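Shown next, in structure tokens, is the structure this report addresses.
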Amino acid sequence: MIIIPGPASRELGEKVARDLGVEAHPVDHRVFPDGESYIRLTAPVEGETAVIIQTTSPPQDTRLMQLFMMASTAADLGAERVTCVVPYLAYARQDKRFLEGEALNLDIVIHLLEEVGADDLIVIDAHDADSLQRVQKQHRVRMENLSAIPLLAEHLKEFGYGGAFSLAPDKGAAHIAELGGEVLGGGFGFFEKHRDLRTGEIEMIVRELDVERRDAVVFDDIISSGGTMALAVSGLKEQGARRVAAACTHALFRGDAENCIKDAGVDYIVATDTVQTVFSKVSVARLIAEHLKAILS
Ligand code: R5P
């Protein structure tokens, strides 16, 4: 197995290689003055399983293109199997046509990955596991969705949040709160969220929950603008919650997200290193390494 950390996940890729006890072979990468990427694999892959590790957080399009270049080159140079580990899978939120004429982004990304030669796609907390399964049925590439929520919850438990109530900001993410709740042991629930499809504005329906004078954790897959998390945190604080932590797998934190969540009264923010930020206190390296061991041995 040849571990190839891409330019967007060099540190994480090297950690995965360390956990597997093998050498990492980061790609040689440059950006030309016009913005185009240069990619060169640095280890022979002929007859090998090439494991490419590349997250696709912003700038998504550049990072996706680099991923396609690495997968295509590995296949072209005779890799027996091309396994793409994409810790944060961009474009997964546009998994259906909400409005007539819209592009099916998730399907397009998967289709392109398969076309360039990927045999496996491993992602962490894909926005909607059901959508991934739907797309899987139309493609040959084998897809696996791993969850980092139990790791985040373990971290929070060690940090003093044992027994806290676990909340998902939306009904569709209730399973995430349930996973967190299994570790924290303080029950779980969800609010409801509606997003205006044209303006993007969010409305949160705050349901009454058993959180008065208790600690609570809001779990979500992504924090992007911070709007969803901020509404969930303030909904809990208004109901008398004591400390409220915000936990997400993918910390995109665009614009003023951090202040937006802090202004809502959050007490602690934690994320994983699928996207490397100051909030990345939990690593998914071991989760990825264990999965690779299981499928490739
Ligand atoms: C959406 O359904 C996701 O699960 C997140 O709740 C959402 O992407 C967060 O976005 P933002 O931080 O911009 O509200």
Side-chain angles (χ1 to χ4, degrees), residues 55-60 63 86-99 102 104-106 109 123-135 145-150 152-153 166-181 188-207 216-237 244-266 268-272 274-275 277-280 284:
T55 204
T56 54
S57 50
Q60 301 83 334
R63 290 177 165 185
V86 185
Y88 168 68
L89 180 66
Y91 288 111
R93 281 175 287 181
Q94 182 75 31
D95 54 1
K96 51 176 89 75
R97 270 194 185 106
F98 299 96
L99 297 175
E102 285 179 344
L104 290 173
N105 294 349
L106 175 67
V109 169
V123 301
I124 315 284
D125 289 315
H127 175 61
D128 183 346
D130 292 344
S131 302
L132 215 58
Q133 270 184 11
R134 171 186 62 76
V135 184
N145 181 34
L146 310 177
S147 183
I149 298 297
L152 286 165
S166 298
L167 179 92
D170 188 27
K171 195 175 178 181
H175 63 287
I176 286 185
E178 188 174 4
L179 277 178
F188 76 97
F190 54 86
F191 288 158
E192 277 182 56
K193 182 175 90 172
H194 298 291
R195 195 184 283 271
D196 185 301
L197 291 177
R198 292 184 193 276
T199 63
E201 218 166 278
I202 309 165
E203 185 203 353
M204 191 156 290
I205 299 171
V206 174
R207 307 161 77 224
V217 178
V218 185
F219 289 98
D220 208 352
D221 55 341
I222 303 168
I223 294 179
S224 182
S225 69
T228 302
M229 187 54 81
L231 287 172
V233 169
S234 53
L236 289 169
K237 285 272 172 162
V244 178
C248 72
T249 305
H250 315 293
L252 302 184
F253 278 77
R254 311 314 290 167
D256 209 23
E258 182 176 349
N259 286 332
C260 173
I261 299 169
K262 285 186 173 161
D263 290 347
V266 79
Y268 184 62
I269 303 174
V270 61
T272 77
T274 59
V275 182
T277 68
V278 289
F279 305 111
S280 304
V284 294

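Every number for a ligand or one of its atoms is a count from 1 in the order of the listing. Worth knowing before you read on, the calculation uses all heavy atoms, side chains too, and leaves out hydrogens, waters and symmetry mates. Just so you know, these numbers come straight off a predicted model, no measurement behind them.
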*Who pairs with Arg195 by salt bridge (Lys or Arg N to Asp or Glu O under 4.0 Å), at least two apart in sequence or on another chain?*
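For Arg195, no residue satisfies salt bridge (Lys or Arg N to Asp or Glu O under 4.0 Å) once neighbours in sequence are set aside.
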
*Who pairs with Glu102 by side chain to side chain contact (heavy atoms under 4.5 Å, CB included), at least two apart in sequence or on another chain?*
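Side chain to side chain contact (heavy atoms under 4.5 Å, CB included) check on Glu102 returns Gln94, Arg97, Phe98, Leu99.
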
*Name the residues with a heavy atom less than 4.0 Å from ligand 1?*
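These residues qualify: Arg93, His127, Lys193, Arg195, Ile202, Asp220, Asp221, Ile222, Ile223, Ser224, Ser225, Gly226, Gly227, Thr228.
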
_Residue pair Phe190 / Asp170: nearest heavy atoms and the distance that separates them_ =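 Where Phe190 meets Asp170 most closely, the heavy atoms are CB-O, 3.9 Å.
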
Run the side-chain donor-acceptor check on residues 123-131: report pairs under 3.5 Å with partners two or more places apart or on a different chain.
{"unit_1": "Asp125", "atom_1": "OD1", "unit_2": "Ser147", "atom_2": "OG", "d": "2.8"}
{"unit_1": "Asp125", "atom_1": "OD2", "unit_2": "Ala148", "atom_2": "N", "d": "2.9"}
{"unit_1": "Asp125", "atom_1": "OD2", "unit_2": "Thr249", "atom_2": "OG1", "d": "2.7"}
{"unit_1": "His127", "atom_1": "ND1", "unit_2": "Asp221", "atom_2": "OD2", "d": "2.7"}
{"unit_1": "Asp128", "atom_1": "OD1", "unit_2": "Asp130", "atom_2": "N", "d": "2.9"}
{"unit_1": "Asp128", "atom_1": "OD2", "unit_2": "Ser131", "atom_2": "OG", "d": "3.3"}
{"unit_1": "Ser131", "atom_1": "OG", "unit_2": "Asp95", "atom_2": "OD2", "d": "2.4"}

*So do the side chains of Val278 and Phe253 get within less than 4.5 Å of each other, counting heavy atoms only?*
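Counting from C-beta outward, Val278 and Phe253 never come under 4.5 Å.
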
*If we ignore angles and hydrogens, is there a donor and acceptor under 3.5 Å between the side chains of Ser57 and Thr55?*
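Absent: no donor and acceptor within the cut-off.
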
